[in-house]
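On a predicted model such as this, the values are computed, not experimentally measured, just so you know. So that the names make sense, note that chain A is the first sequence line, chain B the second, and so on, each numbered from 1.
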There are 2 protein chains.
Amino acid sequence: MKKKNTLTIYDLARELNYSTSTISRALKNHKSISKKTAQLIQRAAEERGYRPNSLAASLRSNNSKTIGVSISNISRPFVSDMISGIETSAREKGYNVIISQSHDSYDNEVSNAKALYDSRVCGIIASLSMQTENTDHFNQFKDQGIPVVFVDRVPNNFQSYHVIIDNYTSAYIATEHLIEQGCKRIAHFAGSQHLNVYSQRKKGFIEALKHHDLEIDERLIVDMKTLSFEEGAQVTAELFKLNNPPDGIFSSNDTAAVSAILYLKKQGIRIPDDVAVIGFNDDPISSIVEPALSTIYHPAQKMGELSTRRILEHLEKEDGMHTTEISVLETHVISRASSVRKKST
Amino acid sequence: MKKKNTLTIYDLARELNYSTSTISRALKNHKSISKKTAQLIQRAAEERGYRPNSLAASLRSNNSKTIGVSISNISRPFVSDMISGIETSAREKGYNVIISQSHDSYDNEVSNAKALYDSRVCGIIASLSMQTENTDHFNQFKDQGIPVVFVDRVPNNFQSYHVIIDNYTSAYIATEHLIEQGCKRIAHFAGSQHLNVYSQRKKGFIEALKHHDLEIDERLIVDMKTLSFEEGAQVTAELFKLNNPPDGIFSSNDTAAVSAILYLKKQGIRIPDDVAVIGFNDDPISSIVEPALSTIYHPAQKMGELSTRRILEHLEKEDGMHTTEISVLETHVISRASSVRKKST
DNA sequence: TTGTAGGCGTTATCAC
DNA sequence: GTGATAACGCCTACAA
């Protein structure tokens with residue numbers, strides 16, 4: 001019942017009167033082995049219950065067939081969808097996936113990166129923590145020719161693969177969608193401005209207003225720390241204490257948007273007639289809240305799959321050159337009841 | 001820019017005029033090394049940018065410090081919360097976590113188990129796929145003294161650790177909760193009956209009815225395949241075609257329950273007055289739907305943490321005995337508007 | 001306190 | 001087509 005009854009190619013070699021090299025080759029269907037011996041050996045291995053030790057193989061061949069993932073928190077729907085995509089496409093190709101959560105702490109992200117490096121992952125997919133402003137801890141990978149893919153929350157100046165959406169344009173069309181519904185004073189729930197995703201959304205928002213000659217009222221643009229449910233309600237409350245409250249809200253995520261809807265309804269404010277709302281991400285809650293939340297479709301699963309693909313393609317290439325290669329996936333407005341006003345025809 | 005400039009304890013040994021054993025020990029603060037040399041070596045390692053190769057260490061010490069996780073699909077809120085708990089408490093202790101999704105396919109689960117075994121995980125945490133009826137593919141771990149923790153969706157006859165909730169009692173109190181609200185004809189959305197979690201819930205449901213002398217109408221107990229949103233609406237529609245439709249619904253998950261609520265509202269059926277509804281899991285959507293869904297609190301994160309703890313404790317024990325050790329976590333009814341009727345006092 | 005030497009299980013480079 | 005042999009990087013008795 002204790003360990004140590006574990007079979008190695010050594011044991012097979014002895015039992016079958018072959019050398020370990022032949023065994024090793026046979027098990028991998030190396031072409032230089034005759035079909036007959038290959039079959040013989042494979043059958044014997046099967047029977048004896050031989051199991052390869054990937055640790056040894058990884059060490060020897062300097063290839064762990066493992067992808068490291070660094071994200072904020074798995075519990076967020078966007079993140080878990082993304083990881084689902086990463087894992088599915090990685091496993092298909094025989095790769096393992098090690099996950100690590102930063103819980104949006106810079107220090108955790110740094111120590112996780114260390115751990116992943118020490119585990120000799122052969123590629124890393126990362127989405128930055130809220131706190132991260134410096135990305136030197138990813139240099140260790142690049143320096144060793146290990147591909148780095150940043151996804152969604154990407155840094156500004158890091159030569160690597162990027163898998164993103166066009167946050168600027170997505171925000172622009174979200175804002176324009178509200179304008180089309182007749183909104184004149186639109187509030188924006190912005191996130192941490194040192195993260196690209198949120199600063200781009202803010203920019204897109206402002207540009208859309210400008211383009212439509214709408215006034216930009218700084219009081220309606222709120223930089224939020226976490227875009228949490230609590231913060232959403234709180235900020236909404238503040239906004240509606242203004243003499244001149246907004247008639248539309250574009251939130252950088254769905255959580256805060258849903259929170260705003262629930263708060264406003266409780267105040268007897270009608271959605272979308274008094275205030276039209278649009279969120280970002282298409283989390284499950286967005287289609288459940290009433291009125292259903294309009295939002296921006298965010299291709300989480302696809303982004304995960306593409307990230308894995310970038311890693312694997314890089315590993316196949318001979319020249320491990322690290323260029324910046326940016327893949328931008330499509331988004332679109334999902335138009336639901338929270339923003340669509342009955343047109344008076 | 002290419003690899004191979006990677007430093008080993010060998011290089012350090014040469015440069016510092018020590019043997020590799022001294023280096024190795026110094027880096028792990030082995031007690032037999034003088035503080036002075038230990039510091040000297042550690043500082044040099046730091047400076048030179050030495051990074052340990054955990055693959056080599058794992059191979060040598062026969063300990064990968066890695067936990068394998070086998071679950072259906074990360075995207076489900078219950079699962080991602082659980083994994084979050086697993087990962088957080090594992091990393092705290094210096095363990096990696098490799099995830100594998102079965103997508104509720106038995107074949108995937110089997111091949112994932114193989115891959116995890118080959119990676120020499122030193123423990124495995126598994127929640128069975130919907131299809132799984134046979135769990136022989138987990139024997140390979142037990143046979144090698146590798147601890148197996150089944151969590152939530154556990155098998156019937158497998159000597160190992162179990163981390164579960166009391167599904168029978170949880171269902172019982174959920175049903176009783178509806179009965180207290182005055183429900184007489186309660187429908188039950190049941191899941192795949194070969195999975196413990198669902199069969200226990202069905203039993204608890206039936207027992208509660210019996211105990212309160214309510215009629216058990218088989219037509220109101222529906223074995224569902226996936227408990228999906230679509231299935232929820234469809235089954236609800238069927239139920240309300242009956243001459244004598246239910247006045248309460250106890251669903252085995254929140255997804256189907258929410259779907260039922262939305263469907264019924266569209267039909268002009270009032271909740272909770274005409275039909276009281278309670279779900280299971282406390283997914284985020286349950287508190288967003290209107291009326292908010294009553295449900296059973298399911299300690300996903302805690303179950304993950306406890307599973308990790310079971311693994312680590314087992315690894316510390318000298319005798320790697322495999323006994324069945326069942327940990328049952330507490331649940332409770334979360335009472336929300338979908339089930340609470342105004343009492344006429 | 002430090003060094004020597006062997007091995008963890010596999011693969012790759014030679015040979016034959 | 002097959003076999004020696006030497007790594008891969010680290011750990012750990014056993015010596016000194």
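- Residue-level contact check: A/Ser34 touches the backbone only, with heavy atoms under 4.0 Å from sugar-phosphate atoms and none from bases.
- Between A/Tyr10 and the phosphate of C/dT11, there is no side-chain N or O to OP1/OP2 separation shorter than 4.0 Å.
- For C/dA12, its base never sits under 3.5 Å from the side chain of A/Ser24 at any donor and acceptor pair.
- Looking at heavy-atom distances under 4.0 Å, A/Asn17 makes contact with sugar-phosphate atoms alone, never a base.
- Atom CG in B/Asn53 sits about 9 Å away from atom P in D/dC11, given to the nearest Å.
- B/Gln42 and B/Asn29 share a donor-acceptor pair across their side chains, judged by distance under 3.5 Å alone.
- Comparing B/Ala57 and B/Arg25 against DNA chain D, the residue whose closest nucleotide sits nearer the 5' end is B/Ala57.
- OP1 or OP2 of D/dT2 lies within a sub-4.0 Å distance of a side-chain N or O belonging to A/Thr37.
- Rounded to a whole Å, the CZ atom of B/Arg48 is 18 Å from the P atom of D/dG9.
- To the nearest angstrom, C1' of D/dG3 lies 16 Å from CZ of A/Arg14.
- The CD1-C1' distance, from B/Ile9 to D/dC10, rounds to 5 Å in whole Å.
- Within 4.0 Å of A/Ser32, counting heavy atoms only, lies at least one base atom of the nucleic acid.
- Taking side-chain N and O atoms only, A/Thr20 has no distance below 4.0 Å to OP1 or OP2 of C/dG9.
- Counting heavy atoms from C-beta outward, B/Ile71 and B/Ile99 have side chains that stay 4.5 Å or more apart.
- Put simply, B/Ser61 has no side-chain N or O that comes within less than 4.0 Å of OP1 or OP2 on D/dT12.
- As rounded to whole Å, 16 Å separates atom P of C/dT10 from atom NZ of A/Lys65.
- The distance between atom CG of B/Leu7 and atom P of D/dG9, rounded to the nearest whole Å, is 10 Å.
- In terms of phosphate contacts, B/Ser58 brings no side-chain nitrogen or oxygen within less than 4.0 Å of OP1 or OP2 of D/dC10.
- Rounded to an integer number of Å, the gap from B/His30 NE2 to D/dC10 P is 17 Å.
- Salt-bridge annotation for A/Glu46 and A/Arg43: absent, with no side-chain N of the basic residue lying under 4.0 Å from a carboxylate O of the acidic one.
- Between D/dT12 and B/Ser21, no contact under 4.0 Å exists linking OP1 or OP2 to a side-chain N or O.
- For the side-chain contact (heavy atoms from CB on, under 4.5 Å) test with B/Met303, the passing option among B/Val151, B/Ile86, B/Ile125 is B/Val151; the others fail.
- Counting to the nearest Å, the P atom of C/dT2 and the CD1 atom of B/Ile41 are 7 Å from each other.
- In this structure, A/Ser19 does not reach the D/dT2 phosphate: none of its side-chain N or O atoms is under 4.0 Å from OP1 or OP2.
- Using a 4.0 Å cut-off between charged nitrogen and carboxylate oxygen, A/Glu313 and A/Arg310 count as a salt-bridge pair.
- A side-chain contact (heavy atoms from CB on, under 4.5 Å) with A/Gln301 is found for one member of A/Ser89, A/Ser80, A/Ser84 and no other, namely A/Ser84.
- Judged by atom type and distance alone, A/Arg60 does not reach the base of C/dT13 through any side-chain donor-acceptor pair under 3.5 Å.
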